[in-house]
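The next block holds one structure in the form of structure tokens; read it before the comments.
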2 protein chains.
Amino acid sequence: MTALLRSSISPTNHAAPRAVLAVIEGGRSEAESLAELQAIGATVRVAKNASLFQGGDASDRVYKVVSGAVRTCRMLVDGRRQIADFFLPGDFFGLDWQATHSFTAEALADTVVISYPRRQLESLAERNPAIQRLVMSMLCKGLAASQEQVVMLGRQTAHERLAWFLLRVRERSGGSDEIDMPMSRMDMADYLGLTIETVSRGMSEFKRRQYISAINTHQIRLTGLNALQALASGESVH
Amino acid sequence: MTALLRSSISPTNHAAPRAVLAVIEGGRSEAESLAELQAIGATVRVAKNASLFQGGDASDRVYKVVSGAVRTCRMLVDGRRQIADFFLPGDFFGLDWQATHSFTAEALADTVVISYPRRQLESLAERNPAIQRLVMSMLCKGLAASQEQVVMLGRQTAHERLAWFLLRVRERSGGSDEIDMPMSRMDMADYLGLTIETVSRGMSEFKRRQYISAINTHQIRLTGLNALQALASGESVH
DNA sequence: CGCAAGTTTGACGTACATCAAGTAGTGTGG
DNA sequence: CCACACTACTTGATGTACGTCAAACTTGCG
């Protein structure tokens, strides 16, 4: 509905506002080699609903969220939309490693990302095993996330999807029972393969059952973790 | 229903029945470096419906299909099943790069695969950029495939899914209009997030519309490519 | 405060699932 | 080669979870 125009992007080099804290498989933090990575990053500001790249664009950059949140999505010709994933601070995205992006990336809110030139990252990875492992780990995380989503979309009911989603956001944002959700009901629906009405009804039902208590629309407290986990994993709680 | 037991696996070293023909991004065939890969592969025979690995198993091997076909799937507690992907001759799978596999791999038919030890492949990749790029390209292909499936499952109707599936199998198996499908209706249904009845009705409908003509249940001729493509991409043909 | 956008709730429709009954392939033993 | 059983597939009748349409209600921003 609302036209999503490309934002005015303002790249400013070597001003990464946060240290790279990624700890890769094996447990070592490898700060020294990741400094190399930090050196090639450029900070970029994106306005709410503006896009970082569109499906079909040359995929020549990789991104990391610093603050705010990002969604990757695809639109079908008749307006149906599917969101592939959400990215929170610390997450990498845009790592398609194909010639062109197959999804569009948009900011959920005013967002700051660090952008890395793909060519430089690639050659860095070839020479530096730590970077290589980091890239691998990012790709694998993406693959795993996508495959979990496939199971969810293919075989779970609306309630199960919702429970699964809430638990997933919880985990990704630190594991506290009080989670905030930067995305709208529309975004949730388009991620879960549902409509906003079904999502809304589900949330209301969960409140009634006291699985959750709402602070406001974008902030929720999980009060029935066990019940939600049972639902999400496909046990029939009825 | 039918219990799927682990097959009696008979590994015989350095007997790769086919040359590695993968052409990686950039177009060069890099046969010399891939010979290294071939050296660490072991040929394995798997009986129909036997599993190569189960979800939860340590992921210490990567596989390539030589002949036959493989599915990766997950079963929910109540018997619902989702197939993540099918793998035809030439395809790599099992490349989770996590500690354990999150899906089970089973043979659709009597199948021959080459199995590579993960540790060796990993160290090979660190020293050999061609192998590294090959691994990357495999991961990225997997990610892209999974994300396409997400869109399909999240936002397409039963007919659209079927059309999409037929075209996908066509592409993957060489692009001929006469395609054979090693998977059962059950497998198709579990891949597409549908029931066998819905798949069957869809196929019948496509025959009626002359989008396809069946040679037999596992062999089909596509006779309305345009119509199928329109359907698959989400245009409403009605 | 007041409007517009986002969310919730209700009434109703429909695409696909479920249940059930055939029909056609596929392998086995005589 | 055919009879038999078994499994896979097809087709029909019916149910239901979720979508669609519509109207309140709520929230946030100028």
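The sequence lines fix the lettering, A, B, ..., with proteins before strands; numbering per chain opens at 1.
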Whether A:Phe165 and A:Phe86 hold their rings parallel, tilted or perpendicular, with breakpoints at 30° and 60°: perpendicular

Just say parallel, tilted or perpendicular for the rings of B:His159 and B:Phe206, cut-offs at 30° and 60°. perpendicular

Length of the line joining [X]:[atom1] and [N]:[atom2], which is rounded to integer Å:
| X | N | atom1 | atom2 | result |
| --- | --- | --- | --- | --- |
| B:Asn216 | D:dT10 | CG | C1' | 15 Å |
| A:Ile215 | D:dG28 | CD1 | P | 13 Å |
| A:Met186 | D:dT27 | CE | C1' | 19 Å |
| B:Asp187 | D:dC9 | CG | C1' | 14 Å |
| A:Glu205 | D:dC18 | CD | C1' | 14 Å |
| A:Asp190 | D:dG19 | CG | P | 11 Å |
| B:His218 | D:dC9 | NE2 | C1' | 9 Å |
| B:Met188 | D:dA8 | CE | P | 15 Å |

Within the 4.5 Å heavy-atom criterion, are A:Glu148 and A:Arg168 side-chain neighbours or not? no

Walk me through whether B:Lys48 and B:Asp110 qualify under salt bridge (charged side-chain N to carboxylate O under 4.0 Å, His left out). CA-CA 4 Å; B:Lys48 180 170 178 174; B:Asp110 291 349; over 6 Å; no

Of A:Gln156, A:Met152, A:Glu160, A:Gln149, the one forming a side chain to side chain contact (heavy atoms under 4.5 Å, CB included) with A:Leu192 is A:Met152

Between B:Arg209 and B:Glu205, does at least one N-O distance fall below 4.0 Å, as a salt bridge requires? yes

Within 45° of the six-membered ring axis of B:Phe103 and under 6.0 Å from that ring's centre, is NZ or CZ of B:Arg74 located there? yes

From the list A:Asn49, A:Asp190, A:Thr104, side chain to side chain donor-acceptor pair (under 3.5 Å) with A:Arg71 holds only for A:Asn49

Reading nucleotides 8-23 of chain C from 5' to 3' and marking B where a protein heavy atom lies under 4.0 Å of the base, S where only the sugar-phosphate is that close, and - otherwise, the string is BBBB----SSBB----

Which angle, rounded to 10°, do you find between the first-five-pair axis and the last-five-pair axis of the helix from C:dC1-D:dG30 to C:dG30-D:dC1? 50°

Using the test side-chain contact (heavy atoms from CB on, under 4.5 Å), find all partners of A:Thr217 that sit at least two apart in sequence or belong to another chain. A:Arg185

